[in-house]
Amino acid sequence: MKTPPAFRYQVLAERFAATLKAGTLKAGDALPSVRQLSRQEKVSPSTVIEAYGRLEAMGLIAAKPKSGFYVLSQSRSKLQEPLVSAPKASPIAVDTGDRISQMLSPDRMASLVPLGAAVPAIELLPTLGLQRSAQQALRLGRHSLHTYDLPPGSLELRRQIARRSLVWGGSLSPQDIVITSGCLEALNLCLRAVCKSGDVVAIESPTYFAILQAMENLGIQALEIPTHPRTGIELGALKAAVARHKVKACLFTPNFNNPLGACMPDATKRELVEWLAKKGIPLIEDDVHGDLHFGPERPRPAQAWDKAGWVMHCSSFSKSLAPGARVGWVSPGRYLDAVVRLKLMNTLATSSIPQAMIAGYLDSGAHDRHLRRLRSALSLQVARMLEAVERHFPAGTRVTRPTGGFNLWVELPKGSDSLTLSDLAAKQGISIAPGPLFSAQGRFKNCIRLSCGNPWSSRLEAAVATLGRLASRLPG
Ligand SMILES: Cc1ncc(COP(=O)(O)O)c(C=O)c1O
């Protein structure tokens, strides 16, 4: 279901996008100034700014400070991008089966070329700095670190997280934050704080499979919303779905959704947050990839526009520092007390030593430098994977152009079965994540997610070549 654009800025953005794609404006050309275009189109300057913001998020243009907007060069990719998804507009009970646990089994993960599970390679993470910080924490906190660090968790870590919210223009205080065991526990606590079994939660289509597992575990029904591979949730479609169904909450990943890598433009985030607040519907925001942007600016989380506490912002250090530390957090807005209570009921406390290790590491001042290096490594790895897919996959394949994170979503020619491909690939020593894992409706049969968490190597090139060959031979 393609949603017609409902707002003037969307109409304007789509018109410009078509002009840019047609090559009418070339890379480096300046776009009309905001004032000029607003006069010409008889729209307000803020409409033009929102339209340009959307084009920026689509990777078509960039702003130069004090100079205006310019056309970016587009990769000369032969492969098209996937289209906006079109799930059925009705809620469904979630049943993920055992595919996910098979894919994540330790034996399988250790033995296969790792294009399946989305974790950054260990050599990209600051293991030495973390080790030093852990040793220091153990020396200084010989007694305190061996007891329960009851919710909301380590004050020092909450201070560091609050300080980092300044990067995206937030003004969190340590009192707003609850430490959790990874982002997944944060998401689970939020779901439990606002829903009960049988309730309906709106999600992206496709969405991260562990979100589906959390919903399955709690008996929550999934309402999949059409999602654009670059700009995320289609707001018009969400509004139509909410008019038809009693939606208890939304659970979205506005910054670099997994698996699409879609990043919602600021204007859409703001509109989403304001509209949900009017409706009294909480937004559970998964921002685990927000720090992994390839462009110069960290995209702001939706919570940046939240005035009334309806956004529950969840994240973790799993993608940037140490997945095994299992340290995440939630800033749950108006649901703070409920989340603290549920955290106590769920696991009593998050492990003290990893909290102290990460707090000490953040305090050392090394994190920003590390993030800069990690981001440039990941953007290069995604680019290399994209080029390899273009070299080896059959004609008719579509692929995303993420502007952050480290996943590529590949849509094989219609009729290809990604579950068969996944089984064939495993026999060749390669793991991939087949598309149906990312949908409660079992959609995306002809899609796969490729993790780009590992530095490029001839082994990866050979694995992508093998996948391409296998994909070309699949019955269509
Ligand atoms: C979108 C998204 N949310 C949450 C998580 C899980 O985060 P954590 O390991 O901190 O629980 C992941 C991990 O892949 C993810 O991709």
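FYI, the numbering just counts along the sequence from 1. First listed ligand is number 1; within each ligand, the first listed atom is number 1. In this text, all values refer to a predicted model and were calculated from it rather than measured experimentally.
If you check the side chains of T180 and E185, you find no donor sitting under 3.5 Å from an acceptor.
Polar contact check, K319 against ligand 1: a nitrogen or oxygen pair lies under 3.5 Å apart. The N/O atoms of V288, backbone and side chain alike, include none that comes under 3.5 Å of an N/O atom in ligand 1.
For ligand 1 and H289, the ligand atoms under 4.0 Å from any heavy atom of the residue are 16 (O). Atom numbering of ligand 1 starts at 1 in the shown order; those under 4.0 Å from a heavy atom of S318 are 8 (P), 9 (O), 10 (O). The atoms of ligand 1 that sit less than 4.0 Å from any heavy atom of G182 are 10 (O), 11 (O). Listed by number with element, the atoms of ligand 1 under 4.0 Å from a non-hydrogen atom of R326 are 8 (P), 9 (O), 10 (O), 11 (O).
Ring geometry for H289 versus F406: interplanar angle over 60°, hence perpendicular rather than tilted (30 to 60°). Using cut-offs of 30° and 60° for the angle between ring planes, the H370 and Y361 rings count as perpendicular.
Heavy-atom separations between E185 and ligand 1 are all 4.0 Å or longer.
Among protein heavy atoms, atom 16 (O) of ligand 1 sits closest to N258 ND2, 2.8 Å. Of all protein heavy atoms, the one closest to atom 2 (C) of ligand 1 is D286 OD2, 3.2 Å. Looking only at protein heavy atoms, the nearest one to atom 12 (C) of ligand 1 is Y208 CE2, 3.3 Å.
Here the closest heavy-atom approach between residue E461 and residue A388 is recorded as OE1-CB, 4.1 Å.
For the pair R158 and W329, the cation does not sit on the ring face, since its NZ or CZ is not both under 6.0 Å from the ring centre and inside 45° of the axis.
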* Apply salt bridge (Lys or Arg N to Asp or Glu O under 4.0 Å) to E50 and R270, showing your working. => CA-CA 10 Å; E50 285 182 7; R270 193 183 71 206; 2.6 Å; yes

* To do: Please test L437 against T96 for side chain to side chain contact (heavy atoms under 4.5 Å, CB included), starting from the C-alpha separation and ending with a verdict.
  => CA-CA 7 Å; L437 298 192; T96 55; over 6 Å; no

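Within the 4.0 Å heavy-atom criterion, both parts of C183, backbone and side chain, lie near ligand 1. At a 4.0 Å heavy-atom cut-off, ligand 1 touches L184 through backbone and side chain alike.
Partner of M385 under the side chain to side chain contact (heavy atoms under 4.5 Å, CB included) criterion, chosen from L115, N407, L380: L115.
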